[in-house]
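Shown next, in structure tokens, is the structure this report addresses.
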Protein chains: 4
Amino acid sequence: MSNTFGQLLKLTTFGESHGAAIGGIIEGIPPGLSIDFDQVSHEMARRRPGQSAIASPRKETDVVEWLSGIFEGKTTGTPIGFLIRNQDQQSTDYDHLKNVLRPSHADYTYMAKYGIRDHRGGGRSSARETACRVAAGALVKQYLKTQHIDVRAWVSQVGSVSMSQPVALDTLYLAEENLVRCPEPETAAKMIAHIETIRAQNDSVGGVISAVITGVPVGLGEPVFDKLQARLAYAMMGINAVKGFEYGAGFAAASSLGSQMNDSFEIKSGRMITTTNHSGGIQGGISNGMPIDFKVAFKPVATISKTQKTVNLKGESIDLAAKGRHDPCVVPRAVPIVEAMAAFVIADMLLLSKANQPLS
Amino acid sequence: MSNTFGQLLKLTTFGESHGAAIGGIIEGIPPGLSIDFDQVSHEMARRRPGQSAIASPRKETDVVEWLSGIFEGKTTGTPIGFLIRNQDQQSTDYDHLKNVLRPSHADYTYMAKYGIRDHRGGGRSSARETACRVAAGALVKQYLKTQHIDVRAWVSQVGSVSMSQPVALDTLYLAEENLVRCPEPETAAKMIAHIETIRAQNDSVGGVISAVITGVPVGLGEPVFDKLQARLAYAMMGINAVKGFEYGAGFAAASSLGSQMNDSFEIKSGRMITTTNHSGGIQGGISNGMPIDFKVAFKPVATISKTQKTVNLKGESIDLAAKGRHDPCVVPRAVPIVEAMAAFVIADMLLLSKANQPLS
Amino acid sequence: MSNTFGQLLKLTTFGESHGAAIGGIIEGIPPGLSIDFDQVSHEMARRRPGQSAIASPRKETDVVEWLSGIFEGKTTGTPIGFLIRNQDQQSTDYDHLKNVLRPSHADYTYMAKYGIRDHRGGGRSSARETACRVAAGALVKQYLKTQHIDVRAWVSQVGSVSMSQPVALDTLYLAEENLVRCPEPETAAKMIAHIETIRAQNDSVGGVISAVITGVPVGLGEPVFDKLQARLAYAMMGINAVKGFEYGAGFAAASSLGSQMNDSFEIKSGRMITTTNHSGGIQGGISNGMPIDFKVAFKPVATISKTQKTVNLKGESIDLAAKGRHDPCVVPRAVPIVEAMAAFVIADMLLLSKANQPLS
Amino acid sequence: MSNTFGQLLKLTTFGESHGAAIGGIIEGIPPGLSIDFDQVSHEMARRRPGQSAIASPRKETDVVEWLSGIFEGKTTGTPIGFLIRNQDQQSTDYDHLKNVLRPSHADYTYMAKYGIRDHRGGGRSSARETACRVAAGALVKQYLKTQHIDVRAWVSQVGSVSMSQPVALDTLYLAEENLVRCPEPETAAKMIAHIETIRAQNDSVGGVISAVITGVPVGLGEPVFDKLQARLAYAMMGINAVKGFEYGAGFAAASSLGSQMNDSFEIKSGRMITTTNHSGGIQGGISNGMPIDFKVAFKPVATISKTQKTVNLKGESIDLAAKGRHDPCVVPRAVPIVEAMAAFVIADMLLLSKANQPLS
């Protein structure tokens, strides 16, 4: 199922970085949803290269052409086909890489697996594919909105620069007010400076995206293999450059005691809550109604302008310095990708829960 | 697909902690594999409660009854049904919990989701279900052995006690020589002491399991959503009490530079390798032939004997102190579970790769 | 997915004819369903060998042992594991067949596919596996009953003996009042006589099972590949010995005109109906609220006592006359299998429709 | 999975009859296949409306735009996205049908299921979607050709006109030499005359397509639910207007004896064959190396120019006479659709068998 994500709400994508187009098919969005196309454009702009001084200068207008499944502005319940033409295909930029196996890229593994590859811009392995996820995710987020569910992500770490404290939900909007998408304005400034320094060094740097999902009803997620956190982890680890995932207390739980980690139940305003939320909104693999929070670690972009040792297709040792356009730090542009994938997981599990209601 | 794991190599499990039996169905193991049943028993013993002074005293013989799919000692290619009877069903131990929603357990979420639950020992949410994974995993590991693939896990952290340095592959066997399954004998002793201290405090403690998979051919894993790391993360996050997953450089990559993280290719003894392995054996979602390594964070067991505040089914605030048998630290027993799930992922992707060979 | 049927309501089966046991795992039955175990036994008795003078004399008590997913008589929403021990394992009956490739059996194809097989009683290819479908189907039918959906099948043809006219829904109960399960008493008598004649000739004979599903709400089935008729056909053609499937007007539609076949809509008692039902209750792959009717053709049982030419594993030409116990005509015992599989399809599509409701 | 067909070789389609475009995504075709685009155009022409005097006059050039997954003329193993623009969108033809529920069409069931529909030309329920299957099937047939597998279909019945005898494989090419695609030239002439008569009566007529698949290796198909015939039936019953499926002896087997139907094995030229082929090339759900043959019954097209009684969205009884363009008999154009779907089933099972090889 490598190109399809989801069980009831599904996205299947196609396309290479420098082919004619990328696109996909969305299935399972309930019929009758009015689509806000401006909102889609807004999400695309958040991911688009060339959006700011700290992103790749590749120019893509990323206009989504919707081909089916929407009639007179509303979803019809039939599959939604869409297309994004590749415009800034400077394919000759990649001629010198035709026979090169770039370090920590997918060149070698694709050649070994398929015996053939579209070398231009990484072909299918390019993060350009994620534009499809953001386009589709924009629709899914609109669906979730009708269910009062909100998915928000932000940059909490860039290289050595981290946020100073946990974010308050009501200040999250600040993340969208700076280039790096960090809701702490001062930290954001430091992150931007850090990225600019790294770029000046012809290098790249990693980072962490944090996310929170609010409004999730109790009962989403399936016991055993399809725990809600398992589906979220699967979704996040399927994003390019992601190296780690944790939810709730995460890795810190490993060095903690049960008495510190357990979340006591209490009734507040007639509603069951937990006093703390080390569980990250999920218990036994099932949402408990508290906010679901998680973190995703990204490695530095593998493409750097520094000279590196590597090997070509003939097995000869060579020196390589990237000429293509690339991001010094991918995390600001990855924020809408994380949101899109999380939205897909939640909406899929929400639909599944509708099919699994107890007999009354 | 909540009770089925895998696409071509599949495990479907059933069973509650204190029902008649747990069991499962394994599909996709190639026909003609000779089964070593002693090896299965050995794996079961590694997971079994009551195996040592630092584990839960619940007594389960965990004898696996194989019901189909094996003829004259060999797999036939048909589904392998198996059964593990629940023996030490001290169900009355759980009578006092019938109406209690234990903190950080699945009591509340199951009731909300299903409107009904088998409260005894956590029912389906109990880690007892993982005995099925270990039984099935034992067969899968035997299959992988015929392909020269080896999956090994060990405890690298218990609470505040961590291993002092990365483990060498040739000392991994030491992990099985102590109760806590840590390959550094001195650290193991400290971990055991730490667990005993925690238990004396009626508390529990978390930990980290590390794993390495060797002998994996180049080319396993699928681009986009089914990246090998995404499948591994999904598998690990589906294990009870797991809070985080990372592979290769993991979260540390977030604070690193591209020039530090990139793995240069080189040819050694006629074989493509990378000089370093920050990629953790996976590039672009596809195995590159280097060892695949990852880490899994476990929270402390939620069941503790300390008194905690919680709520009962009527919504009344109550005090709770566990009476059931439980582990002060689950990671030593979880080592074979991590191995089993990793084995399933690799074997599934291996079978998939056989279907995806390039035309010659 | 060869051993799993269904998408949301799923049955996975295991087991060989003469192994320790057959059994399965049922997933997706909504929690809170009270199980009538007598009804299960009744369904098992309808399929059981040895039930009458015209069925195989193999003795199987076919007692279903329920292992999980049912608590205090009600489904819990967790997987329902079950087991049926094989009792009358006269395996030595099959020693003479170990090296024989029986005509129109699966001996040759299994050997070619798997390189190994459990030859006793056909192993996995035996229709004994369908006992699991009937056991599981009995639960599904109970679920459908809570939704006012009824699945009924009967024998409409045995060899050259066919029913004289279409059956009226209110006389369908007559089918269960004779050995051959035909609702026309006089035709039933002829069918029984026909079967007895065939058996006396050491031969076997085919037949047709007809079915009708009433109470199906409008809207079940998915356009394109998962049309309701496609799922029904898939379900029926997966039953041993089935050679053909048709619904509504079926093959007769091929020689008809559009003006004869089209079903006019009309409103009757405030409800949309069609004046005729050549559509068999399905239009555009989706149920239209009219009764769903279909027919399933069964070939004669391949096992006959007449001497036949065939080949052994060495490729030598040999003569074969069956010694095992077998049915001269399988259709009377296949009636509950057809019902079980149809129930699975409808219930699966019903659950799916709950997840696909339009936004209001 | 309503819009996706297949397990390892997959086709997902989108698109409505009168939307911007139809299209799809093909996954799983092995990398390295050289594509013959002329052959694709040839297949499209076989299905295209307006191709002859006995087909719908709708004009569609049906040019397939390939968007990804093919590099320098060869498949790369990544998903193949493609698009077919809708050109002859005479949508105003359908204004008068906006509120009409046409007899034996999907208008009513779509409205009931989705609460909204694109009424133009039947929207998603239109057989226009099958153009995607033919485009994708053209690639799959090219893949099968590299495996020496050939899928061929022809018209064996139109209304009351049937072929006089079973077709010989070496005369099948004759089917493509006449408008109705029947390999008996004299019968073809009668069929064409029959269709023209029916059209003159403002009516439509049904028919039967027969097919044979040669070169299939022994061992394709899975026991139990995914028998090869079950997958074929599912594929065929998912084609618009299909009412029945049978393989091998089919419905005729129901009135036959075991001694007539059993296929004796024999060794011929060192190869296992069966003397007869009532089994239709499949035993126990698995291919036995003999030709696989089956038949598919099509109802008459529901759109007829004769006046019919029906109901509109307000529930009022109305008279309706079709004004849109339509086929008097769909079977000649459905021949490449049957071939495409059969090719998908065989190729999918072939890939699956590669993953399931016995250990040597």
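Every chain is numbered from 1 and lettered A, B, ... according to where its sequence line falls, protein lines coming before strand lines.
Against chain C, the residues from residues 65-81 of chain B that qualify, each with a non-hydrogen atom under 4.5 angstrom away, are B:E65, B:L67, B:S68, B:G69, B:F71, B:E72, B:K74, B:T75, B:T76, B:G77, B:T78, B:P79, B:G81 in number order.
C:E27 is listed as a side-chain neighbour of B:T12, based on a closest heavy-atom distance under 4.5 Å.
Of the two parts of C:L8, neither the backbone nor the side chain holds a non-hydrogen atom closer than 4.5 Å to a non-hydrogen atom of chain B.
For the residue pair C:G24 and B:I25, the shortest heavy atom distance occurs at CA-CD1, 4.2 Å.
Between the CD1 atom of C:I26 and the CG atom of B:N3 there is a distance of 12.0 Å, given to the nearest 0.5 Å.
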